[in-house]
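Here's the structure, in structure tokens; my notes come after.
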Amino acid sequence: MSAENPARSDAPAPTPAPTDFIRDLVAQDVAAQRYPQIVTRFPPEPNGYLHIGHAKSICLNFGLARENQGRCHLRFDDTNPVKEDVEYVEAIAADVRWLVAGWADHCLGYKPKGAHPAAQTVAGKNDFYLASVAPSDAAEPFFASDYFEALYGYAVELIKRGLAYVCDLSPEDTDAYRGSPDKPGRNSPFRDRSVAENLDLFARMRAGEFPNGARSLRAKIDMASPNIWLRDPLLYRIRHVPHHHAGDKWCIYPLYDFAHCLSDYLEGITHSVCTLEFEVHRPLYDWILGSLDLPRPLPHQYEFAKLNLAYTLVSKRKLLALVNGKVVAGWDDPRMPTISGLRRRGIPAPALRDFVTGVGVTKFDSLTEAAVFENCVRNHLNGAAQRRLAVLKPIKLVLTNLAPGETVACTATNNPQDENPTTRPLALTREVYIEADDFAEVPPPKYFRLKPGGEVRLKYACIIKCEELVKDAAGALVEIRCTADLTTRTGQPNADRKVKGTIHWVSATQCVDAEVRLYDRLFTVPEPAAEEDFLKVVNPKSLETVTAKLEASLASAQVGESFQFERLGYFTPDAKDHSAAKPVFNRTITLKDTWAKA
RNA sequence: UGCCCGAUGGUGUAAUGGUAGCACAAACGACUCUGACUCGUUUUGUCUAGGUUCGAGUCCUAGUCGGGCAGCCA
């Protein structure tokens, strides 16, 4: 934010600590002193960028940690190397840190660079544990792939206990044997191999003796279970590919269900919070941990409903399609619901946090109106953003009673929301630009703005009267000629004269040109995800680019600052394309416009 | 047609057997050198049917509707 900004209210109102069924459960565990410290985790797979739905999960997990003096680990659930990339791990880490900055960074758990779980003895039993550290140059996020060796050991232990076996069924046959939701599956013919044979085969899987898909390691549970995830789920598959983090050490990779619960355990996670679709996986989560005779308290899984926001998509797969299809300019296109897109658009992190915690945490599959999000954004920006004058669609207006070169000094308020608002000088000149929308030759009913023979106030300057219109040969309006009543300026005798309309303006001789990108919602329907083809409901007018006239002081705008262009909306310099020589602004959001609605 | 989960105004959520509240949205009004902000007023709700209870949004039973689960994805 600008250094010239005085202290101002960044947050509108202190929101009370949220409550929900998960926080209630955690509170009970705290009261019963079941854990020495509450430890949660945010575990994205690095196969795409984070979006607003992830923001909800981040704020829940970090919120749980900060409200209970606990920690929240950032962990990459990177068990499927074919879909993942370091580009994503870096982007995700940056997004998380941006979102929690100034709010929960003190809870963010990283681990020493390169660290792996260390062997220890607890209650006479062998154990592995990896403690968190604060983020620093010597630290990095957690990676499930750092646990491959430990996970392999746990798999061997399961085999020794007769609870896992190597299966030679092909992927197709495995599928056929699994049955269907209403029909039980059949036991694999390889289900009863001896422990010794399983141990030998599993070691040879790791050694790379078999091709992809030839064998798998499976948990031995119950092929007739009504819960499909208990029908001897796969624990390991063979994949002869290198891993973006683990390198080329492995050709077998654990699956989510096996890796996740144990990763939680290894890090000392107490509450493993995920979305509803994993509800049916919870018995498996508990089965794996319960089958290994682990000495420390076990983590537990809790599920909540993911965020659905009207007119937006929260699906990495579909968002990736928008990027690949060049529908948008990239993952951080300001129209994208990605965290990086929202940031580039100018959404303040506290506003995003307010929104995602405000919608609450339940198990109800809801669709939140876009207005709720917009309200949070405007709330924060209203207090934080300096006011400036800018004209998006300019039309020239000449003040005929001012001499060319004459300047009339005016004073503009930077933010009327401040307790002690600061001001800046503004110069009124003979030629100015006003918004084309602020003049109507044939005004509609209840039109407060400028019209032939009408009067209007130029904000921070004086009242003007429209005397004459100048048109070109084709009849198009090229110039509006007015007279200025300088006695209506602040401090002048007629300063208090009222007119119905006040409009913004920019001096034609003291202004800068800028590219301004006007964003609208990306989709034309409230539920693009419900569409047979979501690409068909992309809003063709989601981006309009104009060349605007900005007041001169905006020439020094910095990336990261937000401004309210008065009567228009909130704008921020584009993080990628803006420069002092060639200013580029993004419109974050418009002001509420009750007139336009009528 | 198997299993799991859910249902409170237009939307999201609170009420943990005891006055159905909050926010957003909407409508109207006040204020206004931003048709913004702010302030005031108003409208709208416990899925259905039974049961337990002095008392049920909350507990029980059945139904209805909605969501999830059959990747060697997460």
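Every chain is numbered from 1, with letters handed out A, B, ... down the list of sequences.
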Could you tell me whether A/D365 contacts a base, only the sugar-phosphate backbone, or nothing, with contacts defined as non-hydrogen atoms closer than 4.0 Å? sugar-phosphate
Taking 5.5 Å and 30° as the limits, would you call A/Y256 and the base of B/A74 a stacked pair? no
Under a 3.5 Å limit on both distances, the Watson-Crick or wobble mate of B/G71 is none
Against the side chain of A/K592, the closest entry in B/C72, B/C37, B/C33 is B/C37
RNA chain B: A/G358 or A/D78, which has the more 5' nearest nucleotide? A/G358
For the ring pair A/Y88 and A/H244, is the centre-to-centre distance below 6.0 Å? no
Just to be sure I understand the rule, does A/L169 reach a base, reach only the sugar-phosphate, or reach nothing, if contact means heavy atoms closer than 4.0 Å? base
Just compare B/U34, B/G10, B/A74 and give me whichever is closest to any side-chain atom of A/E369. B/G10
Sorted by position of nearest nucleotide on RNA chain B, 5' first, the leading residue of A/R215 and A/T488 is A/T488
Which part of the nucleic acid, if any, lies within contact of A/D24, taking any heavy atom under 4.0 Å across all strands shown: a base, the sugar-phosphate backbone alone, or nothing? base
A/P226 has a side chain; which of B/C3, B/G35, B/C73 sits nearest to it? B/C3
Who does B/C39 pair with, Watson-Crick or G-U, both distances under 3.5 Å? B/G29
How far apart are the C-alpha atoms of A/F563 and A/F571, what are their side-chain angles, what is the distance that settles it, and do they pass the ring pair (Phe, Tyr, Trp, His ring centres under 6.0 Å) test? CA-CA 5 Å; A/F563 299 94; A/F571 296 77; 9.6 Å; no
Between B/C72, B/U11, B/G6, which nucleotide gets closest to the side-chain atoms of A/K363? B/G6
From the options B/G12, B/C33, B/C72, select the nucleotide whose nearest atom is closest to the side chain of A/S366. B/G12
Describe the nucleic acid contact of A/A461 in one word from base, sugar-phosphate, nothing, applying a heavy-atom distance below 4.0 Å. base
Side chain of A/F364 - closest among B/U13, B/A25, B/C73: B/U13
Indicate yes or no: at least one non-hydrogen side-chain atom of A/L554 is less than 4.5 angstrom from one of A/F585. yes
Using O4'-C1'-N9-C4 for purines and O4'-C1'-N1-C2 for pyrimidines, with syn meaning within 90° of 0, is B/G6 syn or anti? anti
Pick out which of A/K465, A/R497, A/Q492 makes a side-chain hydrogen bond (donor to acceptor under 3.5 Å, both in side chains) with A/D485. A/R497
Give one of base, sugar-phosphate or nothing for A/L255, where a contact means two heavy atoms less than 4.0 Å apart. sugar-phosphate
Describe the nucleic acid contact of A/H504 in one word from base, sugar-phosphate, nothing, applying a heavy-atom distance below 4.0 Å. nothing
Nearest-nucleotide pick for A/T368, side chain only, options being B/C69, B/C73, B/G12: B/G12
How would you label the contact of A/R178 with the nucleic acid (heavy atoms, under 4.0 Å): base, sugar-phosphate, or nothing? sugar-phosphate
Could you check which of B/A74, B/A36, B/U13 has an atom nearest any side-chain atom of A/N80? B/A74
Ranking B/C72, B/A36, B/G35 by distance to the side chain of A/D593, first place goes to B/G35
Is the gap between the ring centers of A/H260 and A/Y256 under 6.0 Å? yes
Distance between P atoms of B/G35 and B/U43 (Å, rounded): 30 Å
Indicate, with a heavy-atom threshold strictly under 4.0 Å, whether A/T490 touches base, sugar-phosphate, or nothing. base
Have a look at A/T79 and say if it touches a base, only the backbone sugar-phosphate, or nothing, with a 4.0 Å heavy-atom cut-off. sugar-phosphate
From C-beta outward on A/V280, which listed nucleotide comes closest to its side chain: B/C69, B/A74, B/G12? B/C69
Provide the distance between the two P atoms, one in B/C37 and one in B/A26, to the nearest whole Å. 10 Å
Residues A/D437 and A/R567 bridged, charged N to O under 4.0 Å: no
